[in-house]
Number of protein chains: 2
Amino acid sequence: MAVNPTQTRVRNAAIRLFAKKGFHGVGIRELAQAAKVSPASLYHYIGSKEELLADIMWESLERLLSAAMLATTDVADPQEKLGRLVTLHVIAHAVQAKETAVVDNELRSLAPKLRRRVIDKRDAYEQLWAETIEQGSEAGLFRPDHDGIARRALLEMCSGVARWYSPKGEIKLDRLASQFTDIALRSLSTGDAPPQPDMDRCRTIVKYTWGTRV
Amino acid sequence: MAVNPTQTRVRNAAIRLFAKKGFHGVGIRELAQAAKVSPASLYHYIGSKEELLADIMWESLERLLSAAMLATTDVADPQEKLGRLVTLHVIAHAVQAKETAVVDNELRSLAPKLRRRVIDKRDAYEQLWAETIEQGSEAGLFRPDHDGIARRALLEMCSGVARWYSPKGEIKLDRLASQFTDIALRSLSTGDAPPQPDMDRCRTIVKYTWGTRV
DNA sequence: CCTAGACGATCGAACGATCGGTCGGCTAGG
DNA sequence: CCTAGCCGACCGATCGTTCGATCGTCTAGG
């Protein structure tokens with residue numbers, strides 16, 4: 001992460017503007033103005049506009065992946081694992097909505113080489129979901145016709161949070177997370193009502209990863 | 001819809017390119033080349049680049065809305081209604097993936113005036129979902145803590161289909177639609193396994209609205 | 001039947017503006 | 001004196017859009 005204050009301003013301005021207008025909708029002059037530097041000075045902190053985008057996306061995915069791994073290692077129960085994945089994913093997309101929106105929307109703006117790096121990260125993350133759903137299916141706990149459809153459906157549902165949720169609205173974050181977890185587990189489970197995952201553990205990981213109290 | 005062949009080429013090229021690269025990622029010259037006209041000739045068929053985008057988005061929503069209204073009028077059972085909404089939404093996002101992706105991603109590229117028109121259309125469509133979920137909740141058939149969360153979660157899940165589904169893949173369209181309907185109804189319903197909605201009716205509407213056999 | 005003129009479609013060339021990015025030089029603190 | 005931070009000025013390229021002219025086709029009047 002950025003330590004230099006100017007670097008932080010640049011990074012934050014880029015996240016905000018890319019999320020609002022899209023990568024190609026933001027010029028470097030506009031970006032420089034938002035970061036309170038001149039267009040020329042901008043290039044002391046970034047390699048290029050595109051590398052800036054790739055860095056933002058990669059770091060966002062890196063945090064999400066590390067949080068998800070922290071939450072699922074040594075957890076045997078697939079329902080508990082999936083519940084934690086959903087909870088963390090939803091919270092991440094709520095408290096880091098702009099970053100995650102950029103990750104979800106701007107892959108196409110990257111040239112093949114940079115895109116590859118980001119996609120690999122994303123695939124590593126989604127692999128966690130795939131394994132968990134597969135384990136649940138094999139254990140007879142989940143009932144999807146097709147694991148891939150279920151994985152995609154749940155991931156898109158949870159990522160969509162970044163597109164509409166506002167922390168300033170009436171919906172509290174823990175209620176959001178618990179209802180999403182409920183929807184996700186209920187839609188996949190074969191048997192009775194699934195339990196809530198270990199929320200305290202998730203809270204700890206969120207605090208550690210994104211520095212946000214939940 | 002466009003009747004003039006050149007107009008059709010322009011429209012199709014715009015949909016394809018906007019979906020692939022984003023509105024600001026496509027230049028007029030690139031668009032003209034893809035439509036096999038000169039950049040100047042393009043302006044005999046469009047008012048401006050932005051109006052072209054707005055037209056595409058509005059027409060796509062218009063078709064989706066009319067299809068949804070056709071499918072739900074005079075249907076009393078909220079489960080049947082929601083099942084049909086999900087089925088149509090998923091199929092629309094599968095067979096018209098590019099248009100719907102543009103609708104979902106490019107609202108931000110529209111100036112306020114044009115954006116207003118498109119948002120009004122979208123809200124009219126989502127209102128159908130809201131009413132249906134509300135009816136189900138009041139009838140005791142659905143069990144969400146919060147209707148708004150459920151609506152958004154399901155809409156995002158279904159819209160996400162446009163981002164990953166490929167008709168050329170191994171997943172057949174009717175299987176996709178039925179599994180999504182199953183996930184949606186299962187996640188909301190209070191009681192037993194919900195029935196599948198009237199698939200034949202949905203098929204007929206799809207054929208009528210988008211001209212696609214399912 | 002011929003022709004004048006209106007018409008829709010098309011395009012080459014160019015407009016001013018903005019794009020992403022570079023360069024040389026200025027300033028301030030160690 | 002060195003270096004990191006910063007910036008005004010500028011680069012060639014591309015942006016969305018407009019203009020005037022040229023096509024072929026159709027129609028009305030003589």
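Here is the naming used below: chain letters follow the sequence lines, and residue numbers restart at 1 for every chain. Note: hydrogens, waters and symmetry copies are ignored here, and every other heavy atom, side chains too, is used. Model, not experiment: these values are computed from the prediction.
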**Asked** In whole angstroms, how far is the C1' atom of dC11(C) from the NZ atom of K36(B)?
**Response** 17 Å
**Request:** Look at R152(B) together with E126(B) and state whether they make a salt bridge at an N to O cut-off of under 4.0 Å.
**Result:** no
**Message:** Holding to ring pair (Phe, Tyr, Trp, His ring centres under 6.0 Å), I want the full list of residues that pass it with H89(A), two or more places apart in sequence or in another chain.
**Reply:** H93(A), Y125(A), W129(A)
Would you mind writing out the side-chain donor-acceptor pairs for residues 18-40 of chain B within the sub-3.5 Å range, not counting sequence neighbours?
from: K21(B); atom 1: NZ; to: E30(B); atom 2: OE2; distance (Å): 2.7
from: S38(B); atom 1: OG; to: S41(B); atom 2: N; distance (Å): 3.1
from: S38(B); atom 1: OG; to: S41(B); atom 2: OG; distance (Å): 2.9

**Message:** For residues 91-104 of chain A, which residue pairs pass the salt bridge (charged side-chain N to carboxylate O under 4.0 Å, His left out) check, not counting sequence neighbours?
**Reply:** none
**Request:** Find out whether L173(A) and Y165(A) are in side-chain contact, i.e. whether some heavy atom of one side chain is under 4.5 Å from a heavy atom of the other.
**Result:** yes
**Prompt:** side-chain contact (heavy atoms from CB on, under 4.5 Å) with P197(B): which residues, sequence neighbours excluded?
**Reply:** E80(B), R84(B), T87(B), T181(B)
**Prompt:** Could you give all pairs that pass the salt bridge (charged side-chain N to carboxylate O under 4.0 Å, His left out) test and reach residues 202-214 of chain A, with sequence neighbours left out?
**Reply:** D200(A)-R203(A)
**Request:** Round to the nearest Å and state the distance from Q33(B) atom CD to dG16(D) atom C1'.
**Result:** 17 Å
**Asked** Looking at residues 46-54 of chain A, who's got a heavy atom less than 4.0 Å off DNA chain D?
**Response** none
**Complete:** Of the listed dA13(C), dG16(D), dG20(C), the closest approach to the Y43(B) side chain comes from dG16(D)
Please table the atom pairs, donor to acceptor, closer than 3.5 Å between any side-chain atom in residues 116-124 of chain A and protein atoms at least two apart or in another chain.
from: R116(A); atom 1: NE; to: D120(A); atom 2: OD1; distance (Å): 3.2
from: R116(A); atom 1: NH2; to: D120(A); atom 2: OD1; distance (Å): 3.2
from: K121(A); atom 1: NZ; to: E62(A); atom 2: OE1; distance (Å): 2.5

**Request:** Between P39(A) and S41(B), just flag the one whose closest nucleotide in DNA chain C comes earlier from the 5' side.
**Result:** S41(B)
**Message:** Just N and O in the side chain of T6(A): are any of them under 4.0 Å from OP1 or OP2 of dC6(D)?
**Reply:** yes
**Fill in**
Separation of dC6(D) atom C1' from Q7(A) atom CD, nearest Å, is 15 Å
**Item:** salt bridge (charged side-chain N to carboxylate O under 4.0 Å, His left out) involving D182(A) - partner list, sequence neighbours excluded
**Value:** R186(A), R143(B)
**Message:** Could you check whether any side-chain N or O of T100(B) sits under 3.5 Å from a backbone N or O of Q96(B), counting only pairs where one atom can act as donor and the other as acceptor?
**Reply:** yes
**Item:** K81(A)/E131(A) ion pair, N-O < 4.0 Å
**Value:** no
**Asked** Is N4(B) near enough to dA9(C) that one of its side-chain N or O atoms lies under 4.0 angstrom from OP1 or OP2?
**Response** yes
Contacts under 3.5 Å, N or O only, protein and nucleotides 25-29 of chain C:
none

**Message:** Just to be sure I understand the geometry, which residues of residues 22-31 of chain A put a non-hydrogen atom under 4.0 Å away from DNA chain C?
**Reply:** V26(A), G27(A), I28(A), R29(A)
Close N or O pairs between protein and nucleotides 1-3 of chain D (under 3.5 Å):
none

**Whole angstrom value for the distance that separates C1' of dG20(C) from OH of Y45(A)** = 19 Å
**Prompt:** Who pairs with H146(A) by side-chain contact (heavy atoms from CB on, under 4.5 Å), at least two apart in sequence or on another chain?
**Reply:** I149(A), E170(B), I171(B), R175(B), Q179(B)
**Request:** Quick one: do L70(B) and Y208(B) satisfy side chain to side chain contact (heavy atoms under 4.5 Å, CB included)? Show the steps, please.
**Result:** CA-CA 10 Å; L70(B) 268 178; Y208(B) 171 76; 3.9 Å; yes
